[in-house]
Novice: 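I'd like to ask some things about the structure below.
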Amino acid sequence: MNIIILGPPGAGKGTQARILVDERDMIQLSTGDMLREARDSGSEMGRKVADVMARGDLVTDDIVIGLIRERLRGDIGGGLIFDGFPRTLTQADALGALLAEMGQTLDRVIELGVNDEALVSRITARSTCASCGEVYNDSTRPIPADGKCVNCGGTEFKRRADDNAESLKRRLMEYYKQTSPLIGYYYALGQHSRVDGLGQVDEVKAAIASELDS
Ligand code: AMP
């Protein structure tokens, strides 16, 4: 089963994708993670996208489609979870074509619905484990008192440079301008489901599971 998790920044896409990876042996393809890796490696492409990402703008379609094309050459395990991709209609068309070339289908697009206020407070309180990427939140899911990641025991945590109010404003604007039209696109294809993303992680997880298993 191949799925997209769609939603604005801070909706919980990465958190829910990680759960599906653990529980269903699926493979998470996060273009945000791929781009951060490229940026941190200092590659030519990484240098090109660093400023765009810091501002909260979208990286060009060519670059992200290229990254996804590259990853689709590997193992697809128990299915793929596209997290943060596609973000434009051009990317959505490209994904459809790439999956078709592989003889694969897109089975479900899960939109995580949240309101903007929740997003701002989630994002500005967010940190992740530097080793495994486990997500924490200063108020709702703080880093354990012993300073060790619940998932891997790592002791270093980081905040994303673009998790600040200024970039978030642009990221949200990009979402509404460029990405939200995908809701109608996938609705028309009969693949869209909306899940309330405002609940606790376990509640959202259960809602997603019931969509995927129905
Ligand atoms: P994310 O981790 O998904 O929030 O992505 C972080 C940043 O990477 C975004 O604000 C964009 O600058 C860039 N990015 C990630 N995925 C895409 C995509 N599919 N298309 C364009 N830019 C992207």
Side-chain angles (χ1 to χ4, degrees), residues 2-18 20-21 27-43 45-72 80-99 106 109-112 114 116 118-130 132-137 157-183 185-186 197:
N2 302 311
I3 67 170
I4 294 172
I5 303 191
L6 188 69
K13 302 184 295 292
T15 300
Q16 294 298 330
R18 291 168 62 83
L20 293 168
V21 168
I27 292 178
Q28 177 187 10
L29 297 185
S30 156
T31 41
D33 286 348
M34 295 174 201
L35 289 165
R36 277 185 288 280
E37 218 171 89
R39 180 197 63 194
D40 297 345
S41 77
S43 67
M45 186 270 274
R47 286 198 301 274
K48 215 152 101 188
V49 298
D51 287 345
V52 178
M53 292 174 73
R55 275 199 307 273
D57 289 336
L58 290 189
V59 168
T60 61
D61 288 332
D62 284 356
I63 289 180
V64 286
I65 291 167
L67 286 170
I68 288 288
R69 181 181 290 118
E70 198 58 37
R71 292 292 167 108
L72 288 181
L80 301 167
I81 309 162
F82 296 93
D83 159 14
F85 179 91
R87 262 175 155 100
T88 65
L89 291 166
T90 303
Q91 293 175 25
D93 282 340
L95 176 60
L98 286 169
L99 287 172
L106 182 65
V109 178
I110 305 282
E111 179 201 354
L112 294 181
V114 276
D116 288 0
L119 297 176
V120 176
S121 63
R122 274 188 186 186
I123 284 213
T124 48
R126 172 161 79 173
S127 60
T128 55
C129 169
C132 74
E134 188 75 14
V135 182
Y136 295 92
N137 177 289
F157 300 89
K158 57 184 185 184
R159 290 188 194 270
R160 275 172 49 171
D162 60 348
D163 277 352
N164 62 71
E166 196 52 39
S167 320
L168 178 58
K169 221 159 81 186
R170 289 196 73 86
R171 285 156 69 201
L172 273 176
M173 206 162 69
E174 292 291 9
Y175 177 78
Y176 290 116
K177 268 185 2 201
Q178 310 229 50
T179 309
S180 64
L182 299 185
I183 295 167
Y185 176 101
Y186 287 117

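Everything quoted here is computed from the prediction, not taken from an experiment. For this chain, numbers begin at 1 and follow the sequence in order. As the structure lists them, so they are numbered: ligands from 1, and atoms in each ligand from 1.
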Novice: Hey, could you give me the CZ/OG1 distance between F82 and T31, rounded to the nearest 0.5 Å?
Specialist: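 If we round to the nearest 0.5 Å, F82:CZ and T31:OG1 are 10.0 Å apart.
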Novice: Taking C-beta and beyond as the side chain, do E174 and R87 meet within less than 4.5 Å on heavy atoms?
Specialist: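 A side-chain contact under 4.5 Å is absent here.
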Novice: I'd like a table of the close N/O pairs between ligand 1 and the protein (anything under 3.5 Å), one pair per line with both atom names and the distance.
Specialist:
{"from": "ligand 1", "atom 1": "2 (O)", "to": "R36", "atom 2": "NH1", "distance (Å)": "2.9"}
{"from": "ligand 1", "atom 1": "2 (O)", "to": "R36", "atom 2": "NH2", "distance (Å)": "3.0"}
{"from": "ligand 1", "atom 1": "2 (O)", "to": "R160", "atom 2": "NH1", "distance (Å)": "3.0"}
{"from": "ligand 1", "atom 1": "2 (O)", "to": "R160", "atom 2": "NH2", "distance (Å)": "3.4"}
{"from": "ligand 1", "atom 1": "3 (O)", "to": "R87", "atom 2": "NH1", "distance (Å)": "3.0"}
{"from": "ligand 1", "atom 1": "3 (O)", "to": "R87", "atom 2": "NH2", "distance (Å)": "3.1"}
{"from": "ligand 1", "atom 1": "4 (O)", "to": "R87", "atom 2": "NH2", "distance (Å)": "3.3"}
{"from": "ligand 1", "atom 1": "4 (O)", "to": "R160", "atom 2": "NH2", "distance (Å)": "3.0"}
{"from": "ligand 1", "atom 1": "12 (O)", "to": "D57", "atom 2": "O", "distance (Å)": "2.6"}
{"from": "ligand 1", "atom 1": "16 (N)", "to": "T31", "atom 2": "OG1", "distance (Å)": "2.8"}
{"from": "ligand 1", "atom 1": "16 (N)", "to": "G84", "atom 2": "O", "distance (Å)": "3.4"}
{"from": "ligand 1", "atom 1": "16 (N)", "to": "R87", "atom 2": "NH1", "distance (Å)": "2.9"}
{"from": "ligand 1", "atom 1": "19 (N)", "to": "T31", "atom 2": "OG1", "distance (Å)": "3.4"}
{"from": "ligand 1", "atom 1": "19 (N)", "to": "G84", "atom 2": "O", "distance (Å)": "2.9"}
{"from": "ligand 1", "atom 1": "19 (N)", "to": "Q91", "atom 2": "OE1", "distance (Å)": "2.9"}
{"from": "ligand 1", "atom 1": "20 (N)", "to": "Q91", "atom 2": "NE2", "distance (Å)": "3.0"}
{"from": "ligand 1", "atom 1": "22 (N)", "to": "V59", "atom 2": "N", "distance (Å)": "3.1"}

Novice: Assess whether a salt bridge exists between R171 and D163, defined as any Lys/Arg side-chain N lying under 4.0 Å from an Asp/Glu carboxylate O.
Specialist: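 Between D163 and R171 there is a salt bridge, with a charged N closer than 4.0 Å to a carboxylate O.
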Novice: Would you check if L182 and V109 make a side-chain contact, meaning some heavy-atom pair closer than 4.5 Å?
Specialist: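 Side-chain contact under 4.5 Å: no.
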Novice: Once you round to the nearest 0.5 Å, how far does CZ of R160 lie from CD1 of I123?
Specialist: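 R160 atom CZ to I123 atom CD1 measures 6.5 Å (nearest 0.5 Å).
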Novice: Measure across I27 and V21 and return the closest heavy-atom pair with its distance rounded to 0.1 Å.
Specialist: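 Heavy atoms only, the tightest pair is C-CG2, 4.4 Å.
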